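These notes concern the structure reproduced below.
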Amino acid sequence: MLIGLVGKPSCGKSTFFKAATMADVLIASYPFATIKPNHGVGHVKIECIEKEFNAKCNAQKGYCVEGNRFVPIELMDVAGLVEGASEGKGLGNQFLDNLTSADAFIHIVDVSGETDEEGKETKNYDPTLDVKMLENELDLWYLGILRKVWGTFARTIQNTKGDFAKAVAKQFSGLQVTEDDVKDVLRIGDFNIEKPNSWDDNKLKEFAHNLRHLTKPMIIAANKIDKPNSSENLEKLKTTYPDIKIIPCSADSELALREASKAELIEYIPGEETFKKTEKLNEKQQLALDKIKDNVLAPYKSTGVQEILNYTIFNLLKYIAIFPASANRLADSKGNILPDCFLLPEKSTALDFAFYLHTDFGKNFIKAIDAKTNRAVGKDYLLKHRDALEIMTR
Ligand SMILES: Nc1nc2c(ncn2[C@@H]2O[C@H](COP(=O)(O)OP(=O)(O)OP(=O)(O)O)[C@@H](O)[C@H]2O)c(=O)[nH]1
Ligand SMILES: [Mg+2]
């Protein structure tokens, strides 16, 4: 699973990426600071199941602080996108090609109104324009990919009476498009799949839009919420786009808190509303932290970064977290308690989980034991978020 951070230049993509991954990337006030994509590991936060077992876990992937389990996810920070990107403007096509493998997007929007459509410094810019621009460019990008092959593709399907959904999924598998996705798109629109050759450009555009919308779900991170005009612009954004999930955030504040926490100047758990100061802070640091507290944490209850990551994985993509564990033995062979936690799509079964762990576990599956209740469950058992299962094999 890969989450792409997208948005116009200077909106704060690299700052969000650095705050989430602590990777060393370039952050700069000039546009197109990022050229090549950055890949890194961020985390979603869930309640650890250690309490239910009266134990203290030793997470081997990710980490756990005070009962908060942080499970790794992959993030990608890319170059800024400007109008005309689908035709190669800015870093255009190169940028878009990097996005093909993403499963969902976090659209970082600068809600301060202090950067224009190209990421240059300005005043009173309307951030709702950024959403329109980005969505349009993404649609045009999909449309371009469709158009390139459509003539031949549609003719072949029509002549051979081929399976439309299957053929589209095959053609666009690189964009993470599945057969079910195509079927969903066909269900919500009026598309003549017997005669795809007869579709005009508007029909193709509608299809491209719906396919993009469904296969690249998106959330808006209303960034730079710490700035003076941001709260007003946030309301405007929410009114203009009532159907999109919009979460206010200050990537810059989250980065400052994580860096201060890493340097042991404060105690801070990502996503929390508060932090604890230590004696080591100097006056300047105290002032900077107080500002974050007053401008961000007090009014918005968190910096938003963790909430955005969690929403993307658990609400947009609908994943659930599963722990491999056995009721009478929580540790792995090295003595690590509850070492792993995996993210699986909703509606995954016990058998899916077995295959996920190892093909042999799947092939030789007999039953699974729910470690919390010590009850046996069959291969069709539907996994629940925070389940702990032991797979029994032949
Ligand atoms: N006040 C404030 N400034 C921020 C915030 N996030 C980012 N910035 C600033 O915005 C500027 C651009 O940040 P970057 O993270 O480099 O932006 P980007 O979207 O990666 O830009 P490109 O790589 O050029 O597309 C920098 O000066 C950051 O310090 C925030 O939450 N609050
Ligand atoms: Mg950048």
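Every value quoted in this text rests on a predicted model; they were computed, and no experiment measured them. In each ligand, atom 1 is the first atom listed, and ligand 1 is the first ligand listed.
Heavy-atom neighbours of Lys132 NZ from other residues, nucleotides or ligands within 6.0 Å: at or below the threshold of 12.
Pairs passing the salt bridge (charged side-chain N to carboxylate O under 4.0 Å, His left out) check and including a residue from residues 334-344, sequence neighbours excluded, read Lys61-Asp340.
Within the coordination shell of the Mg ion (ligand 2), defined by N, O or S atoms under 2.8 Å, Thr34 is present. The Mg ion (ligand 2) lies at 2.8 Å or more from every N, O or S atom belonging to Asn38.
Taking the side chain as every heavy atom from C-beta outward, Asp126 and Lys236 approach each other to under 4.5 Å.
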request  = Test Ile106 against Lys13 for side chain to side chain contact (heavy atoms under 4.5 Å, CB included), laying out the working first.
outcome  = CA-CA 9 Å; Ile106 297 174; Lys13 298 176 295 297; over 6 Å; no
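Evaluation of the side-chain hydrogen bond (donor to acceptor under 3.5 Å, both in side chains) rule for Lys120 yields Glu118 as partners, not counting sequence neighbours. By the side-chain hydrogen bond (donor to acceptor under 3.5 Å, both in side chains) test, Lys216 pairs with no residue at all, sequence neighbours left out.
Closer than 4.0 angstrom to ligand 1 lie heavy atoms from Pro9, Ser10, Cys11, Gly12, Lys13, Ser14, Thr15, Ile27, Ala28, Ser29, Tyr30, Pro31, Phe32, Ala33, Thr34, Gly80, Asn223, Lys224, Asp226, Lys227, Ser250, Ala251, Asp252.
For the 3.5 Å distance criterion, the side chains of Lys195 and Gln158 fail to qualify, holding no donor opposite an acceptor.
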